[in-house]
Number of protein chains: 2
Amino acid sequence: MATLKDIGAELGLSPATVSRALNGFPEVNSETRERVREAADRLGYRPNRVAQRLVTGRSGMVGMILRMRPDMREDPTLFDMLTGLSAALSLRDVDLVLAVDQETDPVAAYERMLSRSLVDGFILAAPEPDDPRIAYLQAHDLPFVVHGRHAFQADYPFYDIDNRKLARDSVALLTSLGHRRIGFVNGEAELTYAQDRLREFRVAMAAAGAPVEDSLISHGRLTESHGYASALAMLSRPEGLRPTAILCSGTMLAKGVYRAAHDLAIAIPQALSVVAHDDIWPGLEADRFDPPLTTTAKSMRAACDPLADLLIQRIAGAAPAGLRHIEEADFFLRESTGPAPPREGDARR
Amino acid sequence: MATLKDIGAELGLSPATVSRALNGFPEVNSETRERVREAADRLGYRPNRVAQRLVTGRSGMVGMILRMRPDMREDPTLFDMLTGLSAALSLRDVDLVLAVDQETDPVAAYERMLSRSLVDGFILAAPEPDDPRIAYLQAHDLPFVVHGRHAFQADYPFYDIDNRKLARDSVALLTSLGHRRIGFVNGEAELTYAQDRLREFRVAMAAAGAPVEDSLISHGRLTESHGYASALAMLSRPEGLRPTAILCSGTMLAKGVYRAAHDLAIAIPQALSVVAHDDIWPGLEADRFDPPLTTTAKSMRAACDPLADLLIQRIAGAAPAGLRHIEEADFFLRESTGPAPPREGDARR
DNA sequence: CGCCCTTGTCAAAACGTTTCAAATTTCGGA
DNA sequence: TCCGAAATTTGAAACGTTTTGACAAGGGCG
């Protein structure tokens, strides 16, 4: 493998000049630069990352630490993110180091990875309010970027979708169809996106003059079983008290809702409308539902390029506060939503 | 961060001596070694990996390159392996670099990772016969280890379960229960484990004097939908031609088989016995089946420690040919298997 | 006293790059 | 012809480690 010295020897130049020529420094003669470029190509020169790292202190790698959870495998978003990020990063010539965190102390894994001086920054997902990982990284002024945010006003680099808007849009659709009793099967209560969606759910419901019942709100993992259990509880309430529409924070939840409706012989969309947010493979999954599921959607993959860009900017020295990317979800109206069924004692038939 | 020089200065020693003391070289006074150890602890010394790498040429990292497949997310084993490996490697002070391969050329991703001189070796999964990745890595004498093997007699380091034995055991159980018409819902035909299991399936069937019908053998991804479709085809054959038992190469397949049996009102195990190999979370998933599923089992996680050890040995210079770890699957008899139903025209009843 | 061997230590080189400070060349203008 | 500034190029230091070859001290032996 050719080195800077080799190229220098080939052309009668010092390694220093070769380095500057290849790195685009302005003070090198353009004719010399060309000669260097040609020789580097010819000799198949590849900068030795390790040497670069040693002198610059940068490693060209970023870390991601997964927190082990027993039901992780039921959540396909993580896998998507992993592969999407790895692809996005490698386009930018950055590599991804993976670790899993099985310890009780959530920051221990970060310390360990840092102590080997092998990553320039981190990518975090699923932040919680008062997330100790974020506190640790901020306290040590380490570059990181978060998928999601642990507070609505976050002063670190993050990518997030506009959770309030998608809750607003979903409620607006349902109320405009005449629904007033709307259930909400949400993500885990500790997670910020769930809090944001719930908050706006309440606001939008109030704006439409629809009541919000706490027993029609449930929190939990984005799994089919949680969706099933929640919907079963909501839908087995007496006629007139049960929701005519359910909003879900994920398509897996919606799958559970569909199953519960099926088991209770409640027809979708005639007797129950369902809207979900789809952060997996927008369109692909939702289309396969029977009937096809109305969704707000933004894929995990869409987050990967912005996340990579933000992190690279941060590592390059950009101030953390300004770095953010908020994406609006798209709306896909499919067949799981319809007009609210006529209520008992309703004027129309 | 303290360096060797710092420790040397602290104790009036040269960095060279400090290095030798910490790395256990014999020619250093044991009293000196103790002083060095103490000082290193006190100053919180951590060897700088980058500098180590530059001089030794080793990076302390290994790479894993995932091939993107559209239905990847349905396959939870990969995720298991990723997290398990990462944990196993980090115990051994090795880090895992992840990349995804979206290119047409399967070796391009390996070349790219190598050109950055950042990994010492690779971990491969799901090898195919004549796998170009294996050919490439062997041709360049690069350390790697494979989960599975692309030929029964493989001359590279690999971990594998004894696929022939588990096929033999499963068939033996079923034939001893009186089953003679046994379906086999297998993995993809190109994959070696599937070929191995099929081969032994035929052998064991022949040994029991049971006929093997090609139409009762199906190949495909280890997904529920493939299991469902295959079982539906097998079970909707006319009475007397349809199998009384089905062997599955994965629990996801078994889930599909259960669903098909349910849809066709075929009772398990009264009218149909099901055995599957469970490489996910042995016991945990199979227990949740209704009725609980009889399995041969070895978890993905069990592979991780041996894989890590084999790769580290190989990187340290061990000859590739001898490095192998073959694990026998365990047998869990549950309630999805029972005596073969009496055949029409059978003597009894 | 000279020789060799062992033990413990060290200085220096090496890995390949970046970058600082200095040296050299070039050139326009006086 | 000379000066100073600008344009190029260079040597050397630095990053933190491993490793080679050398060396000093001490001991045993003839």
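- The distance from atom CZ of A:Arg58 to atom C1' of C:dT17 is 15 Å, rounded to the nearest whole Å.
- Taking the C1' atoms of five terminal pairs at each end of the helix from C:dC1-D:dG30 to C:dA30-D:dT1, the two resulting helix axes are inclined by 70°, rounded to 10°.
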What do the steps show when you test A:Phe158 against A:Ile326 for side chain to side chain contact (heavy atoms under 4.5 Å, CB included), and what is the final call?
-> CA-CA 8 Å; A:Phe158 68 85; A:Ile326 298 175; 4.0 Å; yes
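- Applying the side-chain hydrogen bond (donor to acceptor under 3.5 Å, both in side chains) test to every pair with at least one member in residues 44-57 of chain B, sequence neighbours left out, gives these pairs: B:Arg49-B:Asp93.
- The distance from the OG atom of A:Ser90 to the CD1 atom of B:Ile65 is 9.5 Å, given to the nearest 0.5 Å.
- Residues satisfying the side chain to side chain contact (heavy atoms under 4.5 Å, CB included) criterion with A:Asp130, sequence neighbours excluded, are absent altogether.
- Taking the side-chain hydrogen bond (donor to acceptor under 3.5 Å, both in side chains) definition, one finds that B:Arg314 meets it with B:Asp141, sequence neighbours left out.
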Check the pair A:Arg37, A:Glu34 against salt bridge (Lys or Arg N to Asp or Glu O under 4.0 Å), reporting the backbone distance first and the verdict last.
-> CA-CA 5 Å; A:Arg37 285 230 179 93; A:Glu34 260 327 298; 3.2 Å; yes
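- We find that CG of A:Asn29 is positioned 18 Å from P of D:dA6, with the value rounded to whole Å.
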Taking only nitrogen or oxygen atoms into account, show me every contact under 3.5 Å that the protein makes with nucleotides 20-25 of chain D, one pair per line with its distance.
from	atom 1	to	atom 2	distance (Å)
D:dT20	O4	B:Arg20	NH1	3.3

Short heteroatom pairs, N/O only, protein and nucleotides 23-27 of chain C, under 3.5 Å:
none

What do the steps show when you test B:Val97 against B:Met113 for side chain to side chain contact (heavy atoms under 4.5 Å, CB included), and what is the final call?
-> CA-CA 9 Å; B:Val97 182; B:Met113 201 179 265; 3.9 Å; yes
May I have the step-by-step check of salt bridge (Lys or Arg N to Asp or Glu O under 4.0 Å) for B:Glu328 and B:Lys298, ending in yes or no?
-> CA-CA 8 Å; B:Glu328 283 189 11; B:Lys298 190 57 58 174; over 6 Å; no
Detail all sub-3.5 Å separations between protein N/O atoms and N/O atoms belonging to nucleotides 15-17 of chain D.
from	atom 1	to	atom 2	distance (Å)
D:dT17	OP1	B:Tyr45	OH	2.8
D:dT17	OP1	B:Asn48	N	3.2
D:dT17	OP2	B:Leu4	N	2.6

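- Listed by chain and number, the residues in a side-chain hydrogen bond (donor to acceptor under 3.5 Å, both in side chains) with A:Asp305 are A:Arg92 (sequence neighbours excluded).
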Can you give me every donor-acceptor pair (side chain of residues 142-152 of chain B, partner residue at least two apart or in another chain, under 3.5 Å) with its distance?
from	atom 1	to	atom 2	distance (Å)
B:Arg149	NE	B:Asp160	OD2	2.8
B:Arg149	NH1	B:Phe152	O	3.0
B:His150	ND1	B:Tyr156	OH	2.7

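- Closest heavy-atom contact between B:Arg67 and B:Asp131: NH1-OD2, 4.4 Å.
- Not counting sequence neighbours, B:Glu128 has no partner by the side-chain hydrogen bond (donor to acceptor under 3.5 Å, both in side chains) test.
- Of all non-hydrogen atoms in A:Leu98 and B:Ser86, the two that sit nearest each other are O-OG, 3.5 Å.
- If you check every strand for non-hydrogen atoms under 4.0 Å, B:Gly12 touches sugar and phosphate atoms only.
- Rounded to an integer number of Å, the gap from CG of A:Leu13 to P of D:dA7 is 20 Å.
- B:Asp6 is linked by a side chain to side chain contact (heavy atoms under 4.5 Å, CB included) to B:Ala2, B:Thr3, counting only residues two or more places apart in sequence or in another chain.
- One finds no side-chain N or O of B:Thr17 lying less than 4.0 angstrom from the OP1 or OP2 phosphate oxygen of C:dT9.
- Using a 4.0 Å cut-off on heavy atoms, none of the residues of residues 89-97 of chain B approach DNA chain C.
- In this structure, A:Tyr136 has its ring center at least 6.0 angstrom away from the ring center of A:Tyr110.
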